Novice: 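Handing you a structure now.
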2 protein chains.
Amino acid sequence: MTWTRNPEPPGGERRGYHHGNLREALLAAALSLIAEKGPAGFTIAEAARLAGVSPAAPYRHFRDAEALLAEVALRGFERFELALSRAWNNGAADPVRAFEALGRAYLTFARQEPAYYAAMFEARIDRAGYSALEAAGDRAFGVLREASERLASSLPRERRPPSLMVALHVWALAHGIATLFVRPDPSRRKLPMSAEDLLEAGVLVYLQSLGLAGGSAFGPPPRAT
Amino acid sequence: MTWTRNPEPPGGERRGYHHGNLREALLAAALSLIAEKGPAGFTIAEAARLAGVSPAAPYRHFRDAEALLAEVALRGFERFELALSRAWNNGAADPVRAFEALGRAYLTFARQEPAYYAAMFEARIDRAGYSALEAAGDRAFGVLREASERLASSLPRERRPPSLMVALHVWALAHGIATLFVRPDPSRRKLPMSAEDLLEAGVLVYLQSLGLAGGSAFGPPPRAT
DNA sequence: ATGTCATGTGAACAGGTTTTACATCACGGC
DNA sequence: GCCGTGATGTAAAACCTGTTCACATGACAT
């Protein structure tokens with residue numbers, strides 16, 4: 001790995017023959033192109049044009065377009081993990097509230113970083129060829145996994161659900177809502193409520209059934225008290 | 001030897017200058033290309049090659065690649081609606097069981113028709129330009145919407161959840177599981193259980209909380225009786 | 001100063017898209 | 001039966017992008 005020392009030119013003008021920080025410039029260009037036209041709309045040639053270099057220059061830094069996308073996705077997973085960790089905050093105060101915050105952070109990330117989210121989940125990258133990417137994805141999921149574990153551990157063993165299952169359910173629900181309703185996609189559907197509220201309601205209903213959250217806004221099955 | 005004619009006529013014979021059924025042949029070619037390389041990997045030129053015609057011929061039938069994809073997605077939604085309807089079967093017998101069957105049908109479709117599913121949900125088609133596509137998508141969702149309504153109507157009004165919300169939750173959960181774990185994608189993750197079981201468990205937990213299903217495998221909160 | 005190597009250029013080739021002019025054929029009026 | 005017309009397919013061309021190659025540049029160590 002190269003640690004480039006050249007600070008980025010604040011003015012943005014060319015430095016002469018060598019760019020100075022082309023790798024980062026390409027990643028930034030890829031991000032804005034993905035945000036604009038999706039992972040499939042991104043091309044190496046256009047990223048090179050945005051960076052102000054010839055179409056062949058990017059190949060000095062990335063083997064091909066997929067490698068560049070994989071790097072974007074990798075960084076996305078790292079930011080994602082950080083955002084989820086901060087929201088979860090180790091379950092500080094009320095674990096259920098922290099869990100809700102985790103869910104909201106999921107959608108907030110999808111909403112505020114659509115390019116990263118698309119690179120992470122929509123670009124069809126062969127994970128086998130990018131083990132670092134797979135590991136980063138696993139670490140991000142690990143935050144949700146651990147939060148589920150903590151939630152479940154608040155119950156007595158005999159009523160404790162498999163925390164992996166809980167994590168998978170919540171992840172799938174959040175991802176489904178993100179892809180169907182949050183992405184700034186022309187195919188997005190309209191929703192009668194915010195995606196965040198939809199997710200929060202869904203998670204509350206789900207957790208309530210497991211005995212992990214209090215009553216929701218909708219009628220629970222009849223119970224004493 | 002530029003584009004050799006493909007002497008493979010499954011249902012339509014070679015007809016000399018004119019293909020005879022090029023529109024359908026292109027749709028079939030698009031399906032197999034999407035299945036192989038995703039919606040982004042599909043090109044008009046390759047579809048034309050598969051159909052045994054010149055690269056310009058498809059433009060007699062589709063304005064551009066997006067129009068062809070939109071037609072594939074439209075047919076996909078029609079098949080999808082049919083599959084969901086059959087599974088729901090108007091809620092015959094037990095509505096909860098029918099609802100489960102609906103969920104399984106969702107994943108079965110995603111598993112058995114990955115090309116259609118990708119065209120429907122992964123190809124970034126501007127729905128505004130294809131109102132028929134949008135309508136077909138709404139009809140498919142309508143099946144889930146109506147099933148949720150039927151389920152909810154089994155409860156007394158004061159404990160009845162908003163059926164649209166239930167439909168959105170179940171749809172998002174099913175879609176999330178489908179995109180994360182079912183698609184034959186190189187980025188697919190491994191799962192400790194079948195996607196169908198994961199969805200069924202999730203829906204059961206969810207419905208139980210609303211008072212719409214009996215006890216799940218995991219301990220519900222303590223209640224009277 | 002000098003050699004070396006990472007980095008960028010320019011040219012070349014392959015393929016995809018889309019348009020235009022033309023070729024072929026199916027079909028219906030006569 | 002003949003023929004004209006529109007639908008469908010071809011060929012060619014102009015224009016993209018991806019990718020590779022030989023070569024140019026200059027940052028840096030010696």
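The figures that follow rest on heavy atoms only: side chains count, while hydrogens, waters and symmetry mates do not. Note that this is a predicted model, so its numbers are computed, not measured.
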Novice: I need the CZ-C1' distance between Phe62(A) and dT7(C), as an integer number of Å.
Specialist: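 So the CZ-C1' distance, Phe62(A) to dT7(C), works out to 14 Å.
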Novice: Quick check for you: to the nearest 0.5 Å, what is the distance between Ile34(B) atom CD1 and Tyr117(B) atom OH?
Specialist: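 One gets 15.0 Å once the value is rounded to the nearest 0.5 Å.
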Novice: Could you give me the CA-CA distance, side-chain angles and deciding distance for Trp88(A) and Leu144(A), then say whether side-chain contact (heavy atoms from CB on, under 4.5 Å) is met?
Specialist: CA-CA 9 Å; Trp88(A) 168 240; Leu144(A) 184 50; over 6 Å; no
Novice: Any idea how His175(A) and Phe121(A) line up, ring-wise: parallel (<30°), tilted (30 to 60°), or perpendicular (>60°)?
Specialist: tilted
Novice: Rounded to the nearest 0.5 Å, what separates atom CE in Met165(A) from atom CE in Met193(B)?
Specialist: 7.0 Å
Novice: Does the Arg104(A) side chain pair with the main chain of Glu200(A), one donor and one acceptor, at a distance under 3.5 Å?
Specialist: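 No, Arg104(A) side chain to Glu200(A) backbone: no donor-acceptor pair under 3.5 Å.
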Novice: So, taking the atom named CG in Leu207(B) and the one named OG in Ser148(B), what distance separates them when rounded to the nearest 0.5 Å?
Specialist: 8.5 Å
Novice: Quick one: do Lys37(B) and Glu46(B) satisfy side-chain contact (heavy atoms from CB on, under 4.5 Å)? Show the steps, please.
Specialist: CA-CA 12 Å; Lys37(B) 299 183 286 184; Glu46(B) 197 158 4; 2.9 Å; yes
Novice: Classify every nucleotide of nucleotides 13-20 of chain C by which part a protein heavy atom approaches to under 4.0 Å, writing B for the base, S for the sugar-phosphate alone and - for neither, in 5'-to-3' order.
Specialist: ---SSBB-
Novice: Does the ring centre of Phe141(A) sit less than 6.0 Å away from the ring centre of Phe80(A)?
Specialist: no
Novice: Contacts to DNA chain C from residues 22-35 of chain B, heavy-atom cutoff under 4.0 Å, which residues?
Specialist: none
Novice: Could you tell me whether the phosphate oxygens of dG9(D), OP1 or OP2, come under 4.0 Å of any side-chain nitrogen or oxygen in His61(B)?
Specialist: yes
